[in-house]
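Take a look at the structure below.
The shown structure was predicted, so the numbers you read here are calculated from the model rather than taken from an experiment. All values below come from the heavy atoms of this structure, side chains included, with hydrogens, waters and symmetry mates left out.
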There are 2 protein chains.
Amino acid sequence: MSSTSDGKAISRATIADVAERAGVSIATVSRVINETGPVAEDTAAQVWSAIAELKYRPSAAAKGLASRRTHTLGFLVSEISAPFFTPLLRGIEGGTRESGYSLLIHAIQEIEPAVTGAFRRPLGEHNTDGLLVFAGCLEDVELAYLYKLGFPLVLLHQTPPNDLAIPYVTFENKSGARKLVDHLIEVHDYRRIAFLRGPEDQEDSYWRELGYREALEAHDIPFDPALVAVGGFNEKLAQIPVRTWLEQGTAIDAIFAGDDEAAVGVISALQQAGQRVPEDIAVVGFDDVHLYHYMLPPLTTVHAPVEQAGREATVQLLQLIQTGQAQPLVLLPTEMVIRRSCGCE
Amino acid sequence: MSSTSDGKAISRATIADVAERAGVSIATVSRVINETGPVAEDTAAQVWSAIAELKYRPSAAAKGLASRRTHTLGFLVSEISAPFFTPLLRGIEGGTRESGYSLLIHAIQEIEPAVTGAFRRPLGEHNTDGLLVFAGCLEDVELAYLYKLGFPLVLLHQTPPNDLAIPYVTFENKSGARKLVDHLIEVHDYRRIAFLRGPEDQEDSYWRELGYREALEAHDIPFDPALVAVGGFNEKLAQIPVRTWLEQGTAIDAIFAGDDEAAVGVISALQQAGQRVPEDIAVVGFDDVHLYHYMLPPLTTVHAPVEQAGREATVQLLQLIQTGQAQPLVLLPTEMVIRRSCGCE
DNA sequence: CTGAAAGCGCTTACAG
DNA sequence: CTGAAAGCGCTTACAG
């Protein structure tokens, strides 16, 4: 009715504008928007139409300041292009979206010293209601500080430091590795099986190695330190120990590369050296997240439910935010995926 | 000095706490933090140490409300697991991080009708300072509304609708496709070259087809509609027309699959039907973003600088936010990557 | 069912 | 160089 009703409005409406147009108080507008407290049907209808006419959208900042809730989750990662980043993010984004929360993501470049870095944190209590922290993305002191603050946190692929009761989500790395190596031994009768470790502080790698060792032990195969090297969960790095083994003439039946990326590197190195995979040396990976099934030979690996991990972590974080409680540990099952690089078919 | 200086503090400090501890006003604290206005060296030092002691972090909400700036960029995507999503996001995240902004990302599920959806937008003027919009993720009316509001927007892989002067970033699809098809014709002497379109509304696909047609025309090869079908930039979908061609016995020398994903599908379909690639039929893709170089045969394609596109879009958006100006169009160069699926080597 | 008012934690003219 | 105070746009007891 008024002269501004024809879509010519150029500035943003506030709750006061809506209240005025609807002929109610801002408290009432707030009530209908948030469904907090009773409102007469007519009143609500008027408010909604005022909102539509003015194209009103509540300011997230004002709402956040007044309610002390940002309605935003944060995701702290390191390498944004890591192999499982895409499905992980998809899970997190999906869970966040469904809950109506917003998602702030930040890829750390390097961990800055806690002293200088404390003030300029990209993600924290100052801009989110809770944080999903990927392994190694936050120093222990910061983790401890946020925890003491009662700030909701969920860790991905990392056990909480010290005695902090921070929930965490990860895969069944050990049993996955165990099954995989069992397969190599039992089905293919390999006995000289090498293992490539991931980066230093990688817990996943630690558990995979444990599974590997358990499998050897269960089959009375002595553990040979000469068959363990660092592949760094990385294509390039993984090629180095393989070349060394080849040069030294180390007898090897199969290589458990630690993860798929390393497996790709291993296969390349092997093929470049004239070795046939799997005929001469078999190779297996872990994760099954890439499109490595197009490789030749198709990669035998262990499927890790990465997307589900992201979703589950989000669910736990939301629960922590809303109820103050969450599962201390979510361990997601892994599953062996047999293709051809192990020697099958 | 006071009894709360021993790290036992459990609640968050505000600017008032810092001011009190430093013995100054909150205005001064604000000035030292934001380096806005002159402050005596001593005063600043005291403020900084109060900040450190209290582990103070300014509330993003309060800051945003008071300054009318969220210092946050939004990224609106559709399919978070699309092939070029990872590098695109990496570029965006990198650009955002370096500028000190935060990044809010949202994967739309489906475009909701503008009427009902207007109020509950995940990303907009209410929570960001500007938006990076991937092709097709925002309806024209919403785009027009935000534009009229003077809200900073940058489009990715989409030309702005109507006459809106919204900057956009995309690749040189046409010339990339042109060079690729030229190669097939000139080097390999193929003349029956098929083309697989992407999804309906995909502008990239449109330009690639144009490059394809130009190449044919330049070499006096008549355009044959029977050699064009829909591959949907998708592995599964791309297999369908290939099977049809094979069944019908259509003579084909090479297939330009539209993008890499479709190329993978095409190669599978071909190999399953007993055709050799590239001996019987050559296949080429576009994007070069996946790890398809591990495929056999390694895929000949056109490299698209996806990460750079993300970064460039971010740069333009920041510029738009800060200066009100941006380049209307950023066209990033593509480059042919010859591997083996085209018949080379 | 509704409104007046305080307050969330900052920034920003305005004085001095 | 510094401070007092208004105001950003909401939510939330508190009254009625």
Nearest heavy-atom neighbours spanning A62(B) and S59(B): N-OG, 2.9 Å
Taking only heavy atoms on the protein side, list every residue of residues 30-42 of chain B lying under 4.0 Å from any atom of DNA chain C, sorted numerically. S30(B), R31(B), N34(B)
Side-chain donor/acceptor of Q319(B) to backbone N/O of A326(B), under 3.5 Å: no
Where DNA chain C forms runs of at least three Watson-Crick or G-U pairs (i with j, i+1 with j-1, under 3.5 Å), the stems are C:1-3 with D:14-16, C:5-12 with D:5-12, C:14-16 with D:1-3
Give the first and the last nucleotide of DNA chain D, reading 5' to 3', that has any atom under 4.0 Å from a heavy atom of chain A. dG9(D) to dA13(D)
Would you call the rings of F134(A) and H157(A) parallel, tilted or perpendicular, taking 30° and 60° as the class edges? tilted
Partner set under salt bridge (Lys or Arg N to Asp or Glu O under 4.0 Å) for R31(B), not counting sequence neighbours: none
T159(A) and E203(A): side-chain donor and acceptor closer than 3.5 Å? yes
Note: for V24(B) and I15(A) on DNA chain D, the residue whose nearest nucleotide lies more 5' is V24(B)
Residue closer to the 5' end of DNA chain C, S59(B) versus T28(A) (nearest nucleotide): T28(A)
Considering residues at least two apart in sequence or located in another chain, which fulfil the ring-ring contact (aromatic ring centres under 6.0 Å, His included) criterion with F151(B)? none
Would you say T128(B)'s side chain and L73(B)'s backbone share a donor-acceptor pair under 3.5 angstrom? no
Between H106(A) (side chain only) and R121(A) (backbone N and O only), is there a donor and an acceptor less than 3.5 Å apart? no
Over 12 non-hydrogen atoms of neighbours within 6.0 angstrom of CD in E20(A): no
List for me each residue that meets salt bridge (Lys or Arg N to Asp or Glu O under 4.0 Å) alongside R311(B), sequence neighbours excluded, and say none if there are none. E98(B)
